[in-house]
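Bear in mind that the values here come from a model prediction, so they are computed numbers and not experimental data. Just so you know, these numbers use all the heavy atoms, side chains as well, and skip hydrogens, waters and symmetry mates.
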Amino acid sequence: MAANNRRMSGKKGAQVGSGGQRRKGLEGKGPTPPAEMRKGHKKNRVASAKARQTARRPAPRGRGGKSTSELVVGRNPVFEALRDGVPASTLYVQQFIDNDERVREALQLAAERGGINLMEAPRPELDRMTNGLNHQGLVLQVPPYEYAHPQDLADAALDDGEDPLIVALDGVTDPRNLGAVVRSVSAFRGHGVVVPERRAAGMTAGAWKTSAGAAARTPVARATNLTRALEAYKKAGIVVVGLAADGEVELGELEALGGPVVIVVGSEGKGLSRLVGETCDFRVRIPMPGGAESLNAGVAAGIVLYEAARRRA
């Protein structure tokens, strides 16, 4: 009888007491991951080696018109950045990651966009890259942003036979405000945004997301010295208009908005800095019947850009 049992154990089919476990083995496990993610594959070994080299390499320093690269960390932030069109060069994925729905969606978005390298890296490497942040196994590298020169914005407008319409930000440090201004400039056919090189928001992943895609078609220039950049605009015949709660001219009375103009927006708390305010041809106030003391940079810029676009129509 024992011998008979041994002969029967080699036969195919469900055995008594299997409890339906074989049916679980037939359940789908989702789409096949790319070769870079399959352990043992040649591309996986190459990608892992590149990830280790990149993790050891210091981040490039910004030179001239470029910022430094940026890392977006965590499953939800990475997914949202890919979904919202934030530029990306490499998606790092932790080895043996728990392949949940958010991870699969991020990998799918990266594959659909194209041009994004997929690299698998061990957890210690990702910990080192992110300085110990809770990356949850996903890290997205955003390439350095290439800033324009302030004069490029005016030249591009003149080349198109249009009067320059430019927004300059003075002391605005929140990237979301910068993204909102970029979006408003694009909506009202402006020619770009100027930001100072220091103590100011730059084109980070957060700014890209807030711009809702407008950053891909609206240039941002970076000025080493904002006051000198504004003086250069004035010498080129462009009127510089600063927004101030105690401005001498009300927005609706300013005829200069119909011509070449740079609109300077200060921070919500401090407003325009002294030197920038003194450089402006006009200091303009936005009437606020509701009694609010100030508006954030994105809202203030949108109001003035609308008035300028209305006068130019």
Side-chain angles (χ1 to χ4, degrees), residues 65 85 145-172 174-196 200-204 207-223 226 229-244 247 249 251-252 254-268 272 276 279-286 295-313:
Y145 181 82
E146 295 191 17
Y147 291 95
H149 187 277
Q151 189 58 43
D152 295 340
L153 308 185
D155 290 345
L158 296 173
D159 289 344
D160 291 337
E162 300 176 351
D163 288 331
L165 177 57
I166 300 166
V167 173
L169 301 182
D170 178 26
V172 175
D174 189 340
R176 293 170 297 182
N177 270 335
L178 171 57
V181 171
V182 169
R183 187 174 184 178
S184 294
V185 169
S186 177
F188 295 110
R189 297 188 62 182
H191 300 101
V193 180
V194 180
V195 297
M203 283 305 298
T204 63
W208 270 94
K209 287 175 60 177
T210 309
S211 77
R217 55 185 181 272
T218 302
V220 176
R222 189 165 60 178
L226 183 58
L230 296 176
E231 290 173 345
Y233 280 140
K234 291 175 68 173
K235 290 179 181 179
I238 303 174
V239 177
V240 177
V241 175
L243 300 188
V249 184
L251 179 61
L254 187 64
E255 298 295 333
L257 288 177
V261 65
V262 177
I263 303 162
V264 189
V265 183
S267 65
E268 184 175 351
L272 300 176
V276 168
T279 305
C280 296
D281 295 303
F282 299 96
R283 294 173 71 253
V284 179
R285 66 182 184 275
I286 298 174
L295 300 171
N296 69 40
V299 174
I303 291 173
V304 183
L305 285 165
Y306 167 77
E307 180 65 18
R310 186 184 68 83
R311 291 174 179 268
R312 293 161 181 246

Checklist entry - Who pairs with T279 by side-chain contact (heavy atoms from CB on, under 4.5 Å), at least two apart in sequence or on another chain? => result T227, L230, E231, K234

Checklist outcome for this item: Across all chains, not counting sequence neighbours, the side-chain hydrogen bond (donor to acceptor under 3.5 Å, both in side chains) partners of S186 are R217

Checklist entry - For N177, which residues count as a side-chain hydrogen bond (donor to acceptor under 3.5 Å, both in side chains) partner, sequence neighbours excluded? => result none

Item to check | Heavy-atom closest contact (C280 atom, V264 atom, distance) | outcome: SG-CG2, 4.4 Å

Item to check | Side-chain donor or acceptor of Y233 paired with backbone N/O of I166 under 3.5 Å | outcome: no

Checklist entry - Would you say S211's side chain and W208's backbone share a donor-acceptor pair under 3.5 angstrom? => result yes

Checklist entry - Hey, what do you get for CG (L243) to CZ (R283), rounding to the nearest 0.5 Å? => result 10.5 Å

Checklist entry - What residues, two or more places apart in sequence or in another chain, satisfy side-chain hydrogen bond (donor to acceptor under 3.5 Å, both in side chains) together with R183? => result none

Item to check | 4.5 Å side-chain heavy-atom contact, L178 and V193 | outcome: yes

What donor-acceptor contacts under 3.5 angstrom involve side-chain atoms of residues 300-308, with partners at least two apart or in another chain?
residue, atom, partner, partner atom, Å
E307, OE1, R310, NE, 3.3
E307, OE2, R310, NH2, 2.7
E307, OE2, R311, NE, 3.0
E307, OE2, R311, NH2, 3.4

Checklist entry - Looking at side-chain heavy atoms only, is the closest gap between V265 and V181 below 4.5 Å? => result no

Checklist entry - For G192 and T218, which heavy atoms make the closest approach, and how far apart are they? => result CA-CG2, 4.1 Å

Report all side-chain donor-acceptor pairs from residues 153-163 shorter than 3.5 Å, counting only partners two or more places apart or in another chain.
residue, atom, partner, partner atom, Å
D155, OD1, Q151, NE2, 3.0
E162, OE1, H191, NE2, 2.7
E162, OE2, R189, NH2, 3.3

Next on the checklist: Just to verify, what does R312 make a side-chain hydrogen bond (donor to acceptor under 3.5 Å, both in side chains) with, not counting sequence neighbours?
Outcome noted: none

Checklist outcome for this item: Those residues at least two apart in sequence (or on a different chain) that pass side-chain contact (heavy atoms from CB on, under 4.5 Å) with A256 are V239, L254, F282

Checklist entry - For the residue pair S267 and G171, what are the closest heavy atoms and their distance? => result CB-O, 3.3 Å

Item to check | Backbone of V240 reached by a side-chain donor or acceptor of D281 within 3.5 Å | outcome: yes

Checklist entry - Taking all non-hydrogen atoms of both residues, which atom of P175 and which atom of T204 are closest, and how far apart? => result CB-OG1, 3.3 Å

Checklist outcome for this item: G242 and L272 have their tightest heavy-atom pair at CA-CD1, 3.8 Å

Next on the checklist: Could you report the tightest heavy-atom contact between M203 and Y147, atom names first, then the distance?
Outcome noted: N-OH, 3.0 Å

